[in-house]
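Order of listing sets the numbers, starting from 1, for every ligand and every atom in it.
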Amino acid sequence: MDPIINAILKPKSIAVIGASTNPDKIGYKVVENLKECGYKNPVYPINPDADEILGYKCYANIKDVPYVVDMAVVTVPARFVSQITRDAGEKGVKGLSIITSGFSEVGDHALEEEVVQIAHEYGMRIIGPNIIGVLSNSDKMNASFYNYLPYEGKAALISQSGALLIAMAAATYTRRVGFDKMISIGNQADLDFADLISYLNEDEFTTCITLYIEGIKDGPRFMEEARKCKKPIIALKAGTSAHGAAAAASHTGSLAGSAKVYQSAFEQAGVAQADDLNDMFDQTLALSLQPPMKGDNLLIVIYGGGVGVLATDAAEKYGLPLKFAPQDVQEELKKHMPSFGSAKNPVDITGGAGLKGYYEGVKYAYAHPWVDGMAVLYCETSVTDPQEIAEAIYNALHESGASGKPIAVSFIGGERCEKAVEWLIEHDIPTYNAPDLAVKALASLRKEEIMSQNADNNFFKPENIDSEKARQIISIARAKGRAALTEVEAKQVFKAYGLPVSPTALAHTEDEAVKLAEQIGYPIVMKIVSPDILHKSDAGAVKVNIKNEQGVREAYKLITDNSLSYKADAEIDGIAIQEMAPWATEVIVGSVNDPTFGPTLMFGLGGIFVEVMKDVTFKVAPINEATGLAMQSEIKSSKILQGTRGELPRDQKALAKVLAHYSYMVHDLRDEIAESDANPVIVYEDGKGVAIVDARIILTKK
Ligand code: ADP
Ligand code: MG
């Protein structure tokens, strides 16, 4: 556990620099909130013009405080922050929480960097600037200018938006979603999401980490810390629309990466994504209170009514389709319900079972080894008391002898239900006001388990690669002033990373072309090789299925003519002579350098699938072969690869290997490759491999 971050989040003493006697000022509010919310450790207001504020003795300068100061909250105007930071450093303060705004978010990057640099000189770390502050229930510490600590609980929120943090803190009371900590992270000038995830992973008061993200500064480090984190992480990423991304970028001065890349990065790092604010709260409730769901067997217990049907639909929708309970479970459950009940799944105990039937049914079912997770759904009736039902559920679980399995509950009804819901949540049982939400909560807990199993095995380095050779090819091209490699050069780079490129030779004359064609064997393909013509077909500079010498000579002339009429001053290296790969399923593999996460692999089927349907999937590189296989089933047109309409399945294993090697290549050469693709890659029947027939690499600007 980082001692400096610990000093900021769990300080043994706090100074408020810029503390004010004016109740309208933030510098007053922070002192007031520390006092009113019950912070027990010493508080030192710093203000040269006051003797005391709210009963705390004031000091003119932080350096005058005769005691150890763990953390200083800074509320003075931006122009004084550098000096304040130096004073705090000299005093030996461990960390700063800088509430003050007016830094990078308004374009003043230099001031922000200066402050961080001064802090680092003294070994201090900074949270902020431009924040609300830090709130923690376990220490009754409200070091912020929002009046209340959040509703008590076990989650921790890190929010990039201060205003939203205040609203969310207030909303925790009506939603009954409990947080131990709320941390406003602002400009992330120093401490960022990754640092705080790493800290909270070891914090005994945190069971789940919730993030409101506008932009991440260092994508790979975020992924690394998220992968290492053993606790569930839920992220609500704002700025997923093009317009939203622009708003987020100007808001916090950070770059919002493309939504799809964020989504993949989260998945790869085991971070659950929330659809919206409601979903963020709903998932936080479940993940902060319940363990992950180890298997797929979801049992739904209902108390009569249509909720069972709604829950069944939801189970399918959220990826946990219901199965019938095994025979022994059904027989036992039948003992606790009237004859018109149903013991299948959903198990309908019915209103006729009474409180005892409900208790016995839930208790037996929860303990049964077949059950991996359980949803209990109740509708208010005229004959039952919601509070009694709530207590029966709680007692049944605790007296069942089982543990380590998640449960989620839904109560539909009026005011009496509200009270019972509150009681259940206070007893660590996530309870919702709709059956589909309880089921969705269990689906999140199931997903959490699956993600935690997959998250850390993503590192991959293929054997027998020759990066030296690849770099040599690139540096020769750079020496010629090239911004991109030709197909022939790009294929050599691909080959150095073990990718199966179709054999390609370069002819400089018609006669040489004929000779090479005969060596390779007909039919062949001929293409222009020019750094100025990257899309060769557009220039009429690709001829396929050439069967003899005459064809080679005709194609040579035609390709040369077409290329020159496409671009009169095109620099021409020659004409590529290539083995004609038999036709099969065409796919595209490509890469971009995402500004946040770095080299990112793209995969999709060729032709209209990618151009019209945009049916592609992304992964942050590098990936292993298992993820390469997963990518193939993520696209909508995945059936085509699996074999459909009497066609045999394609060689998905060979394709997975290509994806893994390709991802390593773009990761390894991330300083050289800005963008690349293999389009098309031809995928043959299972066992028959793949062929890369075209290759393109755009170099980074240096
Ligand atoms: P570009 O993408 O620059 O237009 P390609 O090299 O991809 O040029 O060639 C265009 C099309 O020709 C490919 O999409 C593919 O269908 C076909 N093609 C190219 N090379 C081969 C080859 N070696 N074997 C079989 N078909 C090929
Ligand atoms: Mg192509």
Side-chain angles (χ1 to χ4, degrees), residues 477 482-495 499-507 513 516-548 551-552 555-556 558-567 570-592 602-612 615-616 637 640 650-651 654-655 658 662 673 675-685 688-699:
R482 302 258 179 89
L485 301 188
T486 63
E487 177 183 332
V488 173
E489 291 159 346
K491 277 184 173 167
Q492 289 174 311
V493 173
F494 281 19
K495 205 170 166 206
L499 291 165
V501 289
S502 66
T504 302
L506 185 63
L516 289 169
E518 269 152 21
Q519 277 168 18
I520 287 171
Y522 294 108
I524 57 138
V525 175
M526 288 171 71
K527 304 174 191 177
I528 195 69
V529 180
S530 161
D532 299 320
I533 303 175
L534 289 179
H535 297 278
K536 303 172 292 281
S537 321
D538 292 355
V542 178
K543 288 286 159 232
V544 300
N545 206 15
I546 298 164
K547 295 196 176 89
N548 50 39
V552 174
Y556 199 96
L558 188 73
I559 289 172
T560 312
D561 288 353
N562 283 354
S563 301
L564 290 174
S565 54
Y566 183 76
K567 196 166 191 297
E571 179 193 335
I572 291 174
D573 283 7
I575 288 187
I577 313 295
Q578 243 170 69
E579 192 176 286
M580 167 96 182
W583 190 86
T585 305
E586 290 193 358
V587 305
I588 298 175
V589 179
S591 78
V592 289
M602 185 202 83
F603 166 73
L605 289 194
I608 58 157
F609 292 103
V610 56
E611 275 150 35
V612 183
D615 184 14
V616 290
S637 39
I640 291 174
R650 305 283 123 180
D651 200 334
L655 181 54
V658 163
Y662 197 104
I673 301 179
E675 252 180 80
S676 71
D677 64 37
N679 178 17
V681 178
I682 304 180
V683 189
Y684 296 103
E685 283 167 11
K688 299 201 172 143
V690 301
I692 297 176
V693 302
D694 187 19
R696 199 151 64 105
I697 290 178
I698 316 282
L699 299 173

Over 12 foreign heavy atoms within 6.0 Å of NZ, Lys567: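 Counting other residues, nucleotides and ligands, NZ of Lys567 exceeds 12 neighbours.
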
Numbered atoms of ligand 1 (with element) below 4.0 Å of [X], judged on heavy atoms:
{"X": "His535", "result": "3 (O)"}
{"X": "Leu534", "result": "3 (O)"}
{"X": "Gln578", "result": "20 (N), 21 (C), 22 (C), 23 (N)"}
{"X": "Pro680", "result": "7 (O), 13 (C), 14 (O), 15 (C)"}
{"X": "Met580", "result": "24 (N)"}
{"X": "Asp694", "result": "1 (P), 2 (O), 3 (O), 5 (P), 6 (O), 7 (O), 8 (O)"}
{"X": "Glu579", "result": "22 (C), 23 (N), 24 (N)"}

Could you check Asn548, Asn545, Ile577 and say which one makes a side-chain contact (heavy atoms from CB on, under 4.5 Å) with Ile524?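 It is Ile577; the other options fail the test.
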
Atom 11 (C) of ligand 1 touched by protein (heavy atom, under 4.0 Å):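 It does not; no protein heavy atom is within 4.0 Å.
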
Ignoring angles and geometry beyond distance, decide whether Val525 reaches within less than 3.5 Å of ligand 1 through its nitrogen or oxygen atoms.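 No - when backbone and side-chain N and O of Val525 are compared with those of ligand 1, no distance drops under 3.5 Å.
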
Are Lys688 and Asp651 close enough for a salt bridge, meaning some N to O gap below 4.0 Å?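 Result for this pair is no, no salt bridge flagged.
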
Evaluate the side-chain proximity of Val587 to Leu655: yes if any heavy-atom separation is below 4.5 Å, no if none is. yes

To the nearest 0.1 Å, how far is [atom] from its closest protein heavy atom, and which atom is that?
{"atom": "atom 27 (C) of ligand 1", "answer": "Val693 CG2, 4.0 Å"}
{"atom": "atom 4 (O) of ligand 1", "answer": "Ser537 OG, 2.4 Å"}
{"atom": "atom 17 (C) of ligand 1", "answer": "Val544 CG1, 4.0 Å"}

Closest by any non-hydrogen atom to atom 8 (O) of ligand 1: pick that one out of Lys536, Lys543, Met526. Lys536

Test item, Ile533 contacting ligand 1 (heavy atom, 4.0 angstrom): no

Does ligand 1 have any atom that is closer than 4.0 Å to a heavy atom of Glu586?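 Distance cut 4.0 Å: Glu586 passes for ligand 1.
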
Does Asn679 approach ligand 1 within less than 4.0 angstrom via side chain, backbone, both or neither, non-hydrogen atoms only?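 Looking at Asn679 and ligand 1, just backbone atoms fall under 4.0 Å.
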
Would you say Asn679 has an N, O or S atom lying under 2.8 Å from the Mg ion (ligand 2)? yes

Is Asp694 close enough that one of its N/O/S atoms sits under 2.8 Å from the Mg ion (ligand 2)?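 Given the 2.8 Å cut-off, Asp694 counts as a ligand of the Mg ion (ligand 2).
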
Report the residues that fulfil side chain to side chain donor-acceptor pair (under 3.5 Å) with Lys495, sequence neighbours left out, ordered by chain and then residue number. none

